Amino acid sequence: VQLQASGGGLVQAGGSQRLSCAASGITLDYYSIGWFRQAPGKEREAVSCISSSGSSRYYLDSVKGRFAISRDVAKNTVFLQMNSLKPEDTAVYYCAANKFTGCPRSTNYYTVSNQDYWGQGTQVTVSS
């Protein structure tokens with residue numbers, strides 16, 4: 001199983017960026033996919049999740065209304081569209097796959113150990 005995250009880079013505050021997570025070895029129809037981020041000195045936190053059916057989504061409160069998760073089943077790829085970016089969004093962003101097909105509302109679910117597969121991170125830096 002491989003999850004290839006890409007699309008990070010340097011962007012000015014207020015700008016937009018789209019991250020991609022290309023999956024191989026698994027099929028999106030059977031896994032939920034989450035986006036996580038980790039800033040220096042902070043714990044990794046879940047930013048968003050999309051269920052295996054695509055019908056359920058989770059967003060961290062601080063990104064609601066600014067970030068949108070979507071997927072292209074044909075390409076086996078999940079996207080994170082990030083708009084109105086803020087300096088506090090600066091972090092390494094990771095995607096992860098979970099055999100649990102839903103996206104619970106409780107943040108307690110989104111622990112590092114609870115995910116089955118991880119991709120490498122992609123750095124997002126938002127300058128002020």
Side-chain angles (χ1 to χ4, degrees):
V1 176
Q2 281 194 329
L3 300 173
Q4 183 72 35
S6 62
L10 176 65
V11 63
Q12 287 190 332
S16 297
Q17 207 154 31
R18 189 174 84 154
L19 305 182
S20 299
C21 176
S24 59
I26 62 170
T27 303
L28 296 185
D29 287 341
Y30 299 102
Y31 287 81
S32 62
I33 303 295
W35 281 101
F36 295 71
R37 68 185 180 188
Q38 188 165 18
K42 295 188 177 181
E43 291 187 353
R44 194 170 299 188
E45 64 179 356
V47 175
S48 185
C49 170
I50 187 165
S51 64
S52 62
S53 67
S55 62
S56 178
R57 291 167 171 81
Y58 162 86
Y59 293 102
L60 182 67
D61 283 347
S62 62
V63 307
K64 284 180 181 176
R66 300 189 297 122
F67 290 12
I69 192 169
S70 63
R71 65 181 196 165
D72 185 330
V73 174
K75 295 182 179 179
N76 222 33
T77 300
V78 174
F79 305 99
L80 185 68
Q81 178 67 41
M82 306 185 294
N83 300 324
S84 302
L85 282 162
K86 304 175 181 180
E88 51 264 43
D89 294 317
T90 295
V92 178
Y93 283 71
Y94 301 87
C95 57
N98 200 308
K99 293 176 184 175
F100 182 72
T101 56
C103 292
R105 294 182 182 276
S106 171
T107 56
N108 292 335
Y109 164 80
Y110 299 100
T111 62
V112 172
S113 60
N114 207 25
Q115 312 308 310
D116 293 296
Y117 303 105
W118 286 93
Q120 92 295 353
T122 184
Q123 176 72 47
V124 173
T125 302
V126 184
S127 64
S128 57

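Here the structure is a predicted model, which means the values were calculated and not measured.
Distance check, rounded to the nearest 0.5 Å: NZ of K99 to OH of Y117 gives 4.5 Å. Taking CD1 of I26 as the reference point, atom CG of D116 lies at 9.0 Å (rounded to 0.5 Å).
The two residues I50 and G54 come nearest to each other via the heavy atoms CG1-CA, 3.9 Å. Across A23 and L28, no two heavy atoms sit closer than the pair CB-CD2, 4.4 Å. Between C103 and Y110, the shortest heavy-atom contact is C-OH, 3.2 Å. Y30 and T101 make their closest contact through O-CG2, 3.8 Å (heavy atoms, listed as atom of the first residue, atom of the second, distance). Across A97 and L3, no two heavy atoms sit closer than the pair N-CD1, 3.6 Å. Residues C49 and G102 approach most closely at SG-O, 4.1 Å, considering heavy atoms.
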side-chain contact (heavy atoms from CB on, under 4.5 Å) evaluation trace for W118 with V112: CA-CA 9 Å; W118 286 93; V112 172; 4.0 Å; yes
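Pairs of residues two or more places apart, or lying in two chains, that qualify as side chain to side chain donor-acceptor pair (under 3.5 Å) and include a residue from residues 50-61 are S51-S53, S53-S55, D61-K64. Screening residues 65-74 for side chain to side chain donor-acceptor pair (under 3.5 Å), with sequence neighbours left out, gives R66-D89.
Under a 3.5 Å cut-off, the side chain of T27 and the backbone N or O of D29 do not form any donor-acceptor pair. Panel note: side chain N98, backbone N114; a donor-acceptor pair is recorded below 3.5 Å. Under the 3.5 Å distance criterion, the side-chain polar atoms of N76 are left unmatched by any main-chain donor or acceptor of A22. A donor-acceptor contact shorter than 3.5 Å links the side chain of T90 to the backbone of V126.
For Y109, the ring-ring contact (aromatic ring centres under 6.0 Å, His included) partners at least two apart in sequence or on another chain are F100. Considering only residues two or more places apart in sequence or on other chains, E45 meets the salt bridge (charged side-chain N to carboxylate O under 4.0 Å, His left out) condition with R37. Shown here are the side-chain contact (heavy atoms from CB on, under 4.5 Å) partners of Q120, two or more places apart in sequence or in another chain: Q4, A5.
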Contacts table for residues 78-87: side-chain donor-acceptor under 3.5 angstrom, sequence neighbours left out:
unit_1	atom_1	unit_2	atom_2	d
Q81	NE2	N83	OD1	2.9
N83	OD1	S16	OG	2.9

